[in-house]
Student: 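The structure follows.
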Amino acid sequence: MNCSISGEVPEEPVVSTKSGLLFEKRLIERHISDYGKCPVTGEPLTMDDIVPVKTGKIVKPRPVQAASIPGMLGMFQIEWDGLMLSNFALEQQLHTARQELSHALYQHDAACRVIARLKKERDEARTLLSQAEREVPMAAITIAPNGSALSNGKRAAEEEEMDPSGKKIRPGISGDVIKELQDCNAALSQQRKRRQIPATLAPVDDVQRYTQLNSYPLHKTNKPGILSLDIYYPKDIIATGGVDSNAVIFDRPSGQIVSTLSGHSKRVTSVRFAAEGELVVTGSADKTVRLWQSSENGNYDCRLTLKDHNAEVQAVTVHATNKYFVSASLDGTWCFYDLGSGSCLAQVADASESEGYTSAAFHPDGLIIGAGTSGAQVKIWDVKSQANVARFDGHVGAVTSISFSENGYFLATAAQDGVKLWDLRKLRNFRTFSPYDEDTATQSVEFDHSGSYLALGGSDIRVYQVASVKSDWNSVKILPDLSGTGKATCLKFGPDAKYIAVGSMDRNLRLFGLPGEDQSES
């Protein structure tokens, strides 16, 4: 007998007294509690109308499939197939979940980077706004000695006198200034005769073991590249000029940025410290020179903006008196400035040439200037007479860098074809370094402050030991350009050549030195 609801043999059979039908007890109890009527006849039905039927223990018959070994194997196979299909579906769900999680993590990381960049740009905008707010109220900062008013960081161009040809009339380098330059020259020349190599200078054995100590990301990632750097030795602070139109003042011992100098509209091509580190002079491709004054809070604020050139300013160099400086431009002129007032005392052009200047440096004694041109020439100018007293030919391509040795006798110049060394006593080239192939330019060259080492930068950084005119200048160390750009654009020796600071066409300032030396000093 079978249950009228399930059609199976009931385990606990009961009978309805009204209809006489057989049910499974648990099924009819649930139906009566839900509906209160017979599931077959539809008549009203209560539990009082249900009578249990006493029977012997029912043993359910075995299914047909389980009655034989092949049938059982078939059942097991079906179960196994179902299990595998279920496992495959779970693996697919897991793979989909992992992909969704990976995508979500990537979106989160990208959002964090965007937020960090926006915060940095917001901070830079706030810095520029605060600088602008400080500059706007400054009406007539200084009155220059020649009478031209300086207001709001810019020289009043309308008050400058013009000659009949339309050129600005300069007051010239006065006799007092020339006497000051000559006195400085005499004092430095006497010191040089008694000069000795300092005992604290890094020996050759140490330089040979130099390796990268640190790398500091100082400039923006969207416009990478460091084009110029300078070091103020007493405080061991480094200034860098970048493609991102900013200059950065960096404190090497602490590894912290002191100040970011924002104001130029194009790349900063040259940067120099002056006045015991209290002033910074920057030249830019926006045709201007800016003077930055340190403030009590440690920042550097723009004090003057000088607009005397008609093309990119490629170099600035400060005189040993720390009272004057020179800027050189692609417009083919160099300007001699009073550092205190920002007055352009003289603007000198070579009437016989139309080539622009790509590099410039004062001689250590301060009475001559070396300037490299875009036409592969090196010109030596006398500051007193503003006359071109010597020219060096022989380079290929623009002269990208120029450096005088501290001994006052040697001049090193860099160009597309390598580095040439010139003897200023006999006005001749006595040695040429061609470390790279013809397609790789030498970007920078620099003597250390003692005149004992010479470093040049291109696709790598090479250090030579300075010798005499007739002796060999031995290669001491070759350091790789770890920026991956193949252009070490600028370099400079640290105090006592204890380290070498290198700028490349990425945004990082790299310091090379003796392992452990950097930590012990800082």
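Please read these numbers as outputs of a predicted model, since none were measured by experiment. As a basis for the values below, the full set of heavy atoms in this structure was taken, side chains included, without hydrogen atoms, waters or symmetry mates.
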Student: Which pair of heavy atoms, one from Thr442 and one from Thr400, lies closest together, and at what distance?
Tutor: O-OG1, 2.9 Å
Student: Calculate, to the nearest 0.5 Å, the distance between atoms CG and OG belonging to Leu27 and Ser4 respectively.
Tutor: 11.0 Å
Student: If we ignore hydrogens and angles and just use 3.5 Å, is the side chain of Thr269 paired with the main-chain N or O of Val313 as donor and acceptor?
Tutor: yes
Student: Who are the ring pair (Phe, Tyr, Trp, His ring centres under 6.0 Å) partners of Tyr210, not counting sequence neighbours?
Tutor: none
Student: Looking at residues at least two apart in the chain, or sitting in another chain, which of them share a ring pair (Phe, Tyr, Trp, His ring centres under 6.0 Å) with Phe433?
Tutor: Tyr464
Student: Is there a donor-acceptor pair closer than 3.5 Å between any side-chain N or O of Asp244 and the backbone N or O of Asn246?
Tutor: yes
Student: Establish, from distance only, whether the side-chain atoms of Asp506 and Ser504 form a donor-acceptor pair under 3.5 Å.
Tutor: no
Student: Measure the spacing between CG of Asp308 and OG of Ser327 and express it to the nearest 0.5 Å.
Tutor: 7.0 Å
Student: How far does OH of Tyr106 sit from CG of Leu101, to the nearest 0.5 angstrom?
Tutor: 15.5 Å
Student: For the residue pair Cys335 and His309, establish whether any side-chain heavy-atom pair is separated by less than 4.5 Å.
Tutor: yes
Student: Roughly how far apart are Asn299 CG and Leu261 CG, rounded to 0.5 Å?
Tutor: 8.5 Å
Student: Would you kindly say whether Tyr233 and Asp496 are connected by a side-chain donor-acceptor distance under 3.5 Å?
Tutor: no
Student: Does Asp109 pair with Arg113 as a salt bridge, N-O distance under 4.0 Å?
Tutor: yes
Student: Using every non-hydrogen atom in the two residues, find where Arg272 and Val318 come nearest and quote the distance to one decimal.
Tutor: CB-CG2, 3.9 Å
Student: Would a distance-only check, ignoring hydrogens and angles, find a side-chain to backbone donor-acceptor pair under 3.5 Å from Ser270 to Val316?
Tutor: yes
Student: For Gly486, is there any backbone N or O sitting under 3.5 Å from a side-chain donor or acceptor partner on Asp481?
Tutor: yes
Student: Between Glu24 and Arg30, is the closest basic N to carboxylate O distance under 4.0 Å?
Tutor: no
Student: Would you give the length of the straight line joining atom OG of Ser329 to atom OH of Tyr357, rounded to the nearest 0.5 angstrom?
Tutor: 10.5 Å
Student: Parallel under 30°, tilted from 30 to 60°, perpendicular over 60°: which one fits the rings of Phe273 and Tyr232?
Tutor: tilted
Student: Work out which heavy atom in Ile231 is nearest to a heavy atom in Asp236; give both atom names and the distance.
Tutor: CG2-OD1, 4.3 Å
Student: Kindly determine whether Gln107 and His103 satisfy side chain to side chain donor-acceptor pair (under 3.5 Å), including the steps that lead there.
Tutor: CA-CA 6 Å; Gln107 287 183 323; His103 185 64; 3.1 Å; yes
Student: Charged N to carboxylate O below 4.0 Å: is that the case for Lys492 and Asp230?
Tutor: yes
Student: Checking side-chain hydrogen bond (donor to acceptor under 3.5 Å, both in side chains) between Glu312 and each of Arg267, Lys287, Lys266, which is the one that passes?
Tutor: Arg267
